[in-house]
Amino acid sequence: MYAASARPVETARRAPSPPTTAKPGGTRPAGVVTMVASGLSNQTGAAIGSLAFPVLGPVGVVAVRQYVAAVVLLAVGRPRLRTFTRRQWWPVVLLALVFGAMNLSLYTAIDRIGLGLAVTLEFLGPLCIGLAASRRRVDACCAVIATAGVVTLMRPRPSADLLGMGLGLLAAACWASYILLNRTVGRRIPCAAGSAAAAGLSAVLFLPAGVAVAVRHPPTPTAVGCAVAAGVLSSAVPYLADLFTLRRVPAPAFGLFMSVNPVLAGLVGWVTLGQGLDWTEWAAISAVVAANALSILASRGGQS
């Protein structure tokens, strides 16, 4: 995830943002292809991870995902933990807690309400940060559009899973907190060392949960493979792909594409898991996507 700017989702995912800028010349085809691959990888990883829920449950899958994320980020960030001061450690600890809570609430929501709806609700976290930082009328309109989408998704009906929706909103709150904490960590600890330390600490915190799941429900090779694939496809691949993308694609274009992730999640859930959505749910997802895209386009136009 990325440490977000003041704009709606011009950033955040599940790894620290690399300190890079796009080369002049606008969006390049290679960057666009990589963005599409990164988004599909992220959502496909979550879908594959959900296949292990019957054996490992969301807790077990998230535990394995945290382990994979820690291995990747520690290899990239190489934090020198002994040099961290108390002022540097406290946001790292909070970031580790939020990191784990974010993925656990999201994957539990996916288990209950499906991939598309869970990702759409989680997407509200960075969107709200961007809208709250603005005083423009167009962003007020965007907030109304996004709210209408959420109300449509969470409307009372016999099949509604209110707990699953609540977990999706909890994931959104965690994502927003993750963005703000990542900003603090990035200011106090150079490069990706702080986020790498948080990922490592989060993996350590999930060790007891992972052991408990393995003891109570002995994992099958297939389930473990699905959980590892979730970690690779939803953590390692997007992070490395975005390192490449951000050197070739301007931040506004990157943020605009990020807006499409709820749609990708809905499509991946439908194709790979058979999680069909009705027209009202697709309309609600489109409203949330449109709210973010409109705000980014308006801010981009105001800066030109």
Side-chain angles (χ1 to χ4, degrees), residues 1-2 4-5 7-15 17 22 26-47 106 109-110 113-131 138-139 142-143 145-146 148-150 152-153 168 171-172 175-176 179 233-235 237-239 241-246 248-273 275-277 279-301:
M1 181 183 286
Y2 292 98
S5 67
R7 305 296 179 196
V9 199
E10 289 182 2
T11 49
R13 197 183 293 234
R14 287 181 173 72
S17 59
T27 303
R28 300 188 176 189
V32 174
V33 171
T34 308
M35 281 194 295
V36 174
S38 176
L40 287 175
S41 175
N42 195 20
Q43 306 309 332
T44 301
L106 174 63
I110 291 172
I113 63 175
L115 180 63
L117 299 186
V119 170
T120 300
L121 291 174
E122 186 202 29
F123 191 79
L124 294 172
L127 175 58
C128 288
I129 286 183
L131 295 178
V138 66
D139 286 324
C142 292
I145 295 172
V150 174
T152 301
L153 285 177
W175 193 355
I179 293 168
L233 293 175
S234 294
S235 293
V237 171
Y239 175 68
D242 294 343
L243 280 173
F244 176 87
T245 300
L246 287 171
R248 291 160 176 81
V249 177
F254 182 81
L256 194 60
F257 178 80
M258 285 282 293
S259 305
V260 184
N261 268 281
V263 174
L264 289 178
L267 291 174
V268 170
W270 173 50
V271 173
T272 63
L273 303 175
Q275 297 173 346
L277 301 173
W279 72 269
T280 56
E281 291 169 328
W282 276 115
I285 291 174
S286 299
V288 174
V289 170
N292 185 75
L294 177 60
S295 185
I296 291 175
L297 288 173
S299 65
R300 188 178 181 181

Discussion item. I want to check something: taking the side chain as every heavy atom from C-beta on, are L121 and L124 in contact at a cut-off of under 4.5 Å?
Written reply: yes
Worksheet entry | Distance (rounded to the nearest 0.5 Å) between Q275 CD and I110 CD1 | 8.5 Å
Worksheet item: Minimum heavy-atom separation for P238 to S38, with atom names?
Response: CA-OG, 3.5 Å
Fill in: Non-hydrogen atoms of A287 and G149 that approach each other most closely
CB-CA, 4.0 Å
Worksheet item: So which heavy atom on V268 is nearest to which on Q43, and how close?
Response: CG1-O, 3.8 Å
Practice prompt. Mark yes when over 12 heavy atoms from residues, nucleotides or ligands other than W282 sit less than 6.0 Å from its CH2; otherwise mark no.
Written response: yes
Discussion item. When you measure from the side chain of S234 to the backbone of A46, do you find a donor-acceptor pair of N or O atoms at a distance under 3.5 Å?
Written reply: yes
Practice prompt. Supply the atom-to-atom distance N261 CG to T120 OG1, rounded to the nearest 0.5 angstrom.
Written response: 10.0 Å
Discussion item. If I compare all heavy atoms of A176 with all of G125, which pair ends up nearest, and what's the gap?
Written reply: CB-O, 3.7 Å
Item to complete: Over all heavy atoms of both residues, which pair between W175 and F123 is shortest? Give the atoms and the distance, please.
Response: CZ3-CA, 3.9 Å
Worksheet item: Any idea which heavy atoms bring P262 and I285 closest together, and the distance?
Response: CB-CG2, 3.9 Å
Worksheet entry | pair W270-L277: side-chain heavy atoms closer than 4.5 Å | no
Worksheet item: Is the side chain of T44 donor-acceptor paired with the backbone N or O of L40 at a distance under 3.5 Å, no angle test?
Response: yes
Discussion item. Between S41 (side chain only) and L233 (backbone N and O only), is there a donor and an acceptor less than 3.5 Å apart?
Written reply: yes
